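Worth saying up front: this structure is predicted, and the values here are computed from it rather than measured.
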Amino acid sequence: MNPKKLKCCPWCGYGTGTRYGYRTTRKQPFFGSQKPSRRAAEDRDHKFLRIAIEEAYKGVECGDGRPYGAVIVRNDEVVVSCHNMVLRNKDPTAHAEITAIREASQKLDQISLADCEIYASCESCPMCFGAIHFSRIKRLAYGATAEAAGSIGFSSFTGDAWKDAGFPQLEIKKIDDSGAEQVFEMTKGKFI
């Protein structure tokens, strides 16, 4: 596959379009007083996860970090979308989820993100999972498994132990058929 070169982030002047054979489409969010149907909820999850996946590609394209992206959503609106910034910041804690939590807290001027959800392109590590818990985010949805990251040499150490620790306020959902696992396959040449 021939990836198209695009400008990729606010620092580089991000453009839109197809990259690595992946097309970002953004549908209108669900609005209404009634609870969305299961299909509408799945479409909503896929919509926000697609944004996180695009962030993962952007982070690699810019050279900012590894292929991970995260989006924080409140009331069906994106608060922030971020990618891994470990390389750019020379900070091993600048994972996509941590960066998104930091930016959302600043933007919303609060440390409790209890009315927010986070969408991550990949299963969260223990550090990120802890930050999600302490920020009180109510829901975590992710695409790729840690094993997919491990298949190209990234750590496959996940927050599985934390998931079973009994944090009642956090709903965790694995979103299948999202294309998130392709991020690792499509970008592995930049890291191996």
Can you find a pair of side-chain heavy atoms, one from Phe129 and one from Ile172, that are under 4.5 Å apart? yes
Asn75 side chain to Glu77 main-chain N or O, any donor-acceptor pair under 3.5 Å? no
NE2-SG distance between His95 and Cys122, expressed to the nearest 0.5 angstrom: 11.0 Å
Under the criterion side chain to side chain contact (heavy atoms under 4.5 Å, CB included), I'd like the reasoning laid out for Ser135 against Ile118: C-alpha separation, chi angles, the key distance, then a yes or no. CA-CA 11 Å; Ser135 66; Ile118 189 166; over 6 Å; no
Under the rule for salt bridge (charged side-chain N to carboxylate O under 4.0 Å, His left out), what residues qualify as partners of Glu55, not counting sequence neighbours? Lys58
How long is the straight-line distance from NZ of Lys90 back to CE of Met85, given to the nearest 0.5 Å? 11.0 Å
Restricting to non-hydrogen atoms, name the atom on Ser112 and the atom on Arg136 that form the minimum distance, rounded to 0.1 Å. OG-CB, 4.1 Å
Using the side chain to side chain donor-acceptor pair (under 3.5 Å) criterion, which residues pair with Arg139? Sequence neighbours excluded. Asp45, Glu117, Tyr119, Glu171
Listed partners of Asn89 passing side chain to side chain donor-acceptor pair (under 3.5 Å), at least two apart: none
Sequence neighbours left out, what passes side-chain contact (heavy atoms from CB on, under 4.5 Å) with Ala100? Give chain and number order. Ala70, Ile72, Val80, Cys82
Identify the two heavy atoms, one from Leu113 and one from Ser105, that lie closest to each other, and give their separation to 0.1 Å. CD1-OG, 4.0 Å
Ile132 side, atom CD1; Leu170 side, atom CG - distance, nearest 0.5 Å: 7.0 Å
Applied to residues 104-116, the salt bridge (charged side-chain N to carboxylate O under 4.0 Å, His left out) test, sequence neighbours excluded, yields Arg74-Asp115
Interatomic distance, His83 atom NE2 to Glu61 atom CD [nearest 0.5 angstrom]: 11.0 Å
Check step by step if side chain to side chain contact (heavy atoms under 4.5 Å, CB included) holds for Ile175 and His46. CA-CA 8 Å; Ile175 300 175; His46 279 90; 3.6 Å; yes
Do the non-hydrogen side-chain atoms of Leu140 and Glu97 ever get within less than 4.5 Å of each other? no
Any donor-acceptor pair under 3.5 Å from Lys174 side chain to Ala141 backbone: no
Within the distance-only criterion (no hydrogens, no angle test), does the side chain of Asn84 pair as donor or acceptor with the backbone N or O of Gly65 below 3.5 angstrom? no
Listed partners of Ala131 passing side-chain contact (heavy atoms from CB on, under 4.5 Å), at least two apart: Ile98, Ile101
Which residues pass the side-chain contact (heavy atoms from CB on, under 4.5 Å) test with Ala180, sequence neighbours left out? Ile53, Ala144, Ser178
Set of side chain to side chain donor-acceptor pair (under 3.5 Å) partners for Glu42, sequence neighbours left out: Arg38
